[in-house]
Protein chains: 2
Amino acid sequence: MNQLMPSQLHDARSNGRTLVFSAIRRNAPVARVDIAKITNLSPATVTSITAELLTAGLIEEVAVENSGVAGKRGRPRVDLKIRGAAHIVVGIKLSDNSATYSFLDFEGKKIAGYVHPSAQETYCLPELMTFLTDGYSAALTDAGLEESSISGMGLGLPGVVDAEAGIVLWSPVLIEKNQPLQQKLADTFSIPVFIDNDANLVAVAEKHIGLGKNAQNFVVITVEQGVGLGIVINGKIYRGTKGCGAELGHTKVQLDGALCRCGQRGCLEAYVGDYALLREAGTAMGPLEGANPQEQMQALLAAAKKGNTVAQSIIRRAGRMFSMGLANVVNIFAPELIILSGERLQDSFLYGDEVINDMKKYAVQSGDLMPEVKIHSWDNQMWSIGAATFAIDGIIDIALAKIR
Amino acid sequence: MNQLMPSQLHDARSNGRTLVFSAIRRNAPVARVDIAKITNLSPATVTSITAELLTAGLIEEVAVENSGVAGKRGRPRVDLKIRGAAHIVVGIKLSDNSATYSFLDFEGKKIAGYVHPSAQETYCLPELMTFLTDGYSAALTDAGLEESSISGMGLGLPGVVDAEAGIVLWSPVLIEKNQPLQQKLADTFSIPVFIDNDANLVAVAEKHIGLGKNAQNFVVITVEQGVGLGIVINGKIYRGTKGCGAELGHTKVQLDGALCRCGQRGCLEAYVGDYALLREAGTAMGPLEGANPQEQMQALLAAAKKGNTVAQSIIRRAGRMFSMGLANVVNIFAPELIILSGERLQDSFLYGDEVINDMKKYAVQSGDLMPEVKIHSWDNQMWSIGAATFAIDGIIDIALAKIR
DNA sequence: AATGTTTAATTTGACTAGTAAATTAAAAAC
DNA sequence: GTTTTTAATTTACTAGTCAAATTAAACATT
């Protein structure tokens with residue numbers, strides 16, 4: 001009896017144009033025959049849709065290389081790819097000491113980057129608008145781009161963001177709550193603007209131009225100041241109710257445990273955050289060398305490497321707590337892939353084999369069901385690239401909707 | 001600027017018939033005009049689709065009541081509902097000491113129920129097939145139904161099930177691993193069979209005929225022998241990679257914590273499961289009255305109520321651990337609704353206000369973002385009803401696919 | 001009782017997205 | 001130069017959907 005599953009039958013049948021476009025995006029360069037196979041559309045449909053996309057200037061044909069190769073008979077395939085020149089977007093990552101700007105073309109290729117430093121860590125809304133406007137001008141000048149050439153803007157910031165509504169519900173960098181930042185920015189710059197929690201945007205980038213290209217269900221974990229979690233389900237970012245993302249950093253790993261910056265006890269962050277390790281080191285090792293937390297962390301890690309057992313014990317526990325947090329994500333989600341994404345990977349104790357092995361030990365899934373773990377070391381513009389990729393997503397939808 | 005979100009634009013556009021049918025299912029009795037509003041289809045389309053469904057015998061018209069009511073001018077609406085008589089399905093829940101059978105009509109109304117006890121707790125595949133075949137015959141006889149009148153079968157069992165493939169990867173009741181149970185049953189009974197993890201099936205039931213009718217993102221937590229978790233995202237059961245569901249019972253709530261039946265340490269189940277509490281009670285209170293775990297649990301709870309501080313402390317800690325597990329789900333998922341579903345609600349310490357309040361305290365989401373918590377006390381046939389509802393889902397898809 | 005008003009449902013005619021099958025295109029192989 | 005092979009396109013048709021017009025069935029007003 002050849003059965004159909006209750007779900008799986010009617011879904012996945014998005015829109016033909018979207019289907020074709022994203023197939024090209026993920027597999028470029030790719031010929032029409034293959035697009036037909038990937039999307040399960042007929043060659044006829046692929047021809048007509050790609051013709052539309054070509055006239056709209058969203059994709060372009062590229063010369064295929066294997067002409068003249070023996071054994072390759074038949075009409076040669078014509079490869080298609082996204083036309084990078086179609087649009088340029090800007091992605092902005094707002095952190096507590098700077099705003100990072102990245103310009104991407106429509107293919108997702110980086111054109112330019114710029115960091116706009118800040119003296120302040122928190123802003124009221126007008127101050128933030130000024131800061132972003134100034135930074136945007138500077139970034140454009142630095143990149144040698146005209147403001148009129150930019151088609152869209154993506155902004156990622158820490159905190160709780162309702163991406164659907166474009167509202168920042170709460171952010172450590174913004175004093176006021178519930179601010180309609182998307183609208184504000186769209187009005188100011190007169191281009192489509194998309195905002196989201198920063199961890200979600202890293203997940204977007206991993207999905208489209210990173211290690212999650214071919215995965216449908218995966219999670220991206222970022223460790224910066226906090227521990228971030230981006231969830232991709234069925235190829236789409238999962239944002240939970242009201243578009244507010246997941247909070248891995250404040251999941252509880254110990255009842256009545258260590259005090260966290262959020263005021264609660266036992267949060268994962270209170271065990272794996274820099275400040276948490278330095279707090280422990282301060283108790284048992286006396287003051288560490290170094291003028292700032294970064295340098296002090298280096299000192300702590302160096303001490304551990306040299307054989308200091310107290311330092312080792314501090315780091316080891318943090319690693320095990322991190323494993324536990326990861327294992328819980330695995331147990332709840334059963335993702336096919338976990339991407340640990342960050343810029344300080346080389347010196348981070350959190351990404352060592354020991355931590356990954358512990359995670360596997362703590363997860364109940366057995367053997368072949370255990371998710372693959374990939375470690376992705378981006379440069380420090382990762383976050384703004386994620387924001388720009390998010391903007392590309394939005395621009396694509398607008399562009400495809402325009403074709404009729 | 002009136003923007004569209006990157007996603008949200010092209011999805012939700014399932015199949016017209018599916019859309020209409022499930023609108024009727026969720027809102028019955030409902031008139032065509034309202035179906036058009038709910039589904040965003042035009043009245044014309046609703047008319048033609050409902051006509052098809054009527055001739056196929058899947059739905060039926062019902063007399064509308066408000067005829068003759070003042071102020072209600074215009075052509076009276078004709079309500080539609082699922083035609084219960086269209087199909088009968090059986091749902092089976094397999095546990096370690098019995099198999100529970102429920103017969104539901106196509107509307108989801110229960111027709112009959114039957115419990116088939118068992119002497120053994122684990123089976124090899126042939127034994128299980130015999131046990132299920134015998135039980136099915138007995139259940140049919142008990143209900144006065146012909147086997148030929150049954151259109152589909154749903155089976156829920158504990159363990160890890162690949163629902164898509166119909167394979168039981170691992171189950172505490174089945175000795176062999178990786179058994180194609182769906183195929184086996186379908187061959188034996190010659191009707192479509194659908195199998196899944198039991199907690200998932202409770203989520204299915206909550207979605208279609210329970211408290212999750214109007215929610216798109218929610219989780220169902222069941223406490224029986226183990227702690228189960230069913231996840232509904234965008235109105236569909238989320239099963240993770242390879243269709244294996246979530247494991248809340250074995251998320252870790254304590255590093256190097258209490259020993260769990262699964263062999264690991266610090267699992268939630270090792271703190272909130274019956275056996276965990278009795279283990280603690282045995283240590284500090286001596287042997288409890290009662291011939292079996294159920295009775296001993298009653299004795300423990302009674303002792304706590306009477307003021308025994310040791311008993312209170314045991315129960316309190318279990319409650320707090322449960323809160324922590326729930327809070328982690330909230331932090332990771334941000335569901336709009338949590339349904340605590342079970343049969344022993346009245347005497348369960350896990351569903352008290354104190355536990356819910358602790359959960360809210362541990363979850364980082366603030367105020368209006370906190371999910372609603374509903375407690376659903378089903379009768380002991382809850383599980384098999386879930387299985388039957390799952391079968392209805394499958395039968396609907398098959399029936400709708402047949403219309404052409 | 002006749003006519004108007006209101007709301008629900010249906011019919012009609014048109015358009016869109018998609019397909020299967022036939023056809024054309026462009027290369028290598030013989 | 002002809003055949004074979006593979007890719008892409010064209011053609012003719014179907015299913016699904018909708019806007020607009022029409023019909024249906026009630027109450028309200030005179």
Side-chain angles (χ1 to χ4, degrees), chain A residues 9-10 12-21 23-24 27 29-55 59-80 400-404, chain B residues 9-21 23-24 27 29-56 59-80 400-404:
Chain A
L9 184 58
H10 298 298
R13 169 58 43 113
S14 176
N15 171 326
R17 274 182 277 263
T18 312
L19 225 49
V20 169
F21 192 90
I24 297 175
N27 301 89
V30 61
R32 290 175 178 79
V33 243
D34 293 326
I35 298 174
K37 275 172 205 151
I38 294 166
T39 58
N40 283 319
L41 292 169
S42 72
T45 307
V46 174
T47 289
S48 76
I49 289 178
T50 51
E52 282 177 343
L53 297 176
L54 280 166
T55 39
I59 62 172
E60 60 191 1
E61 297 189 336
V62 288
V64 81
E65 71 301 333
N66 65 352
S67 185
V69 175
K72 274 280 177 185
R73 305 216 286 186
R75 176 174 176 171
R77 40 186 60 194
V78 180
D79 278 347
L80 299 170
L400 292 181
K402 255 188 215 154
I403 302 176
R404 188 110 332 165
Chain B
L9 186 57
H10 298 297
D11 52 1
R13 170 55 44 113
S14 178
N15 171 325
R17 275 183 275 263
T18 312
L19 225 49
V20 168
F21 192 90
I24 297 174
N27 302 89
V30 60
R32 291 175 178 80
V33 242
D34 292 327
I35 297 174
K37 275 173 204 152
I38 293 166
T39 58
N40 281 320
L41 293 170
S42 72
T45 306
V46 173
T47 290
S48 76
I49 290 178
T50 51
E52 283 177 341
L53 298 177
L54 280 165
T55 39
I59 61 172
E60 60 189 1
E61 296 190 334
V62 288
V64 81
E65 71 301 331
N66 63 354
S67 183
V69 175
K72 274 278 177 184
R73 304 215 286 186
R75 177 175 175 170
R77 39 186 60 195
V78 180
D79 278 346
L80 299 170
L400 293 181
K402 257 189 216 153
I403 301 177
R404 188 108 336 158

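No experiment lies behind these values; they were computed from the predicted model shown. Side chains included, hydrogens not; waters and symmetry mates left out as well; all remaining heavy atoms used.
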How many Å lie between [atom1] on [X] and [atom2] on [N], as a whole number?
{"X": "A:Ile35", "N": "C:dT19", "atom1": "CD1", "atom2": "P", "result": "14 Å"}
{"X": "B:Ile49", "N": "C:dA9", "atom1": "CD1", "atom2": "C1'", "result": "15 Å"}
{"X": "A:Glu61", "N": "C:dA25", "atom1": "CD", "atom2": "P", "result": "16 Å"}
{"X": "A:Asn40", "N": "C:dA20", "atom1": "CG", "atom2": "P", "result": "11 Å"}

Quiz item: Going by heavy atoms in the side chains, are B:Asn27 and B:Ile38 under 4.5 Å from each other?
Solution: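 Side chain of B:Asn27 against side chain of B:Ile38, heavy atoms only: contact under 4.5 Å found.
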Practice problem: Answer yes or no: is there a side-chain heavy-atom contact under 4.5 Å between B:Asp79 and B:Glu61? | Solution: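 They are not in contact (no side-chain heavy atoms under 4.5 Å apart), so the answer is no.
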Quiz item: Among all residues two or more places apart in sequence or in another chain, which pass the side-chain hydrogen bond (donor to acceptor under 3.5 Å, both in side chains) test with A:Thr45?
Solution: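 With neighbours one apart ignored, the set is A:Ser42.
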Closest non-hydrogen atom pair, [X] against [Y]:
{"X": "A:Val62", "Y": "A:Leu80", "answer": "CG2-N, 4.4 Å"}
{"X": "A:Ile403", "Y": "A:Leu53", "answer": "CD1-CD2, 3.8 Å"}
{"X": "A:Val30", "Y": "A:Ala23", "answer": "CG1-O, 4.4 Å"}

Practice problem: Quick one, give me the B/S/- string for nucleotides 1-8 of chain C, reading 5' to 3', where B means a protein heavy atom under 4.0 Å from the base and S means that only happens at the primed atoms, P, OP1 or OP2. | Solution: ---BSBBB
Quiz item: Do any side-chain nitrogens or oxygens of B:Ser42 fall under 4.0 Å of OP1 or OP2 in D:dT17?
Solution: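 No, outside the criterion.
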Self-check item: Side-chain N,O (B:Thr47) to OP1/OP2 (C:dT10) below 4.0 Å
Solution: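 Yes.
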Between the protein and nucleotides 21-23 of chain C, list every N/O to N/O distance that falls short of 3.5 Å.
none

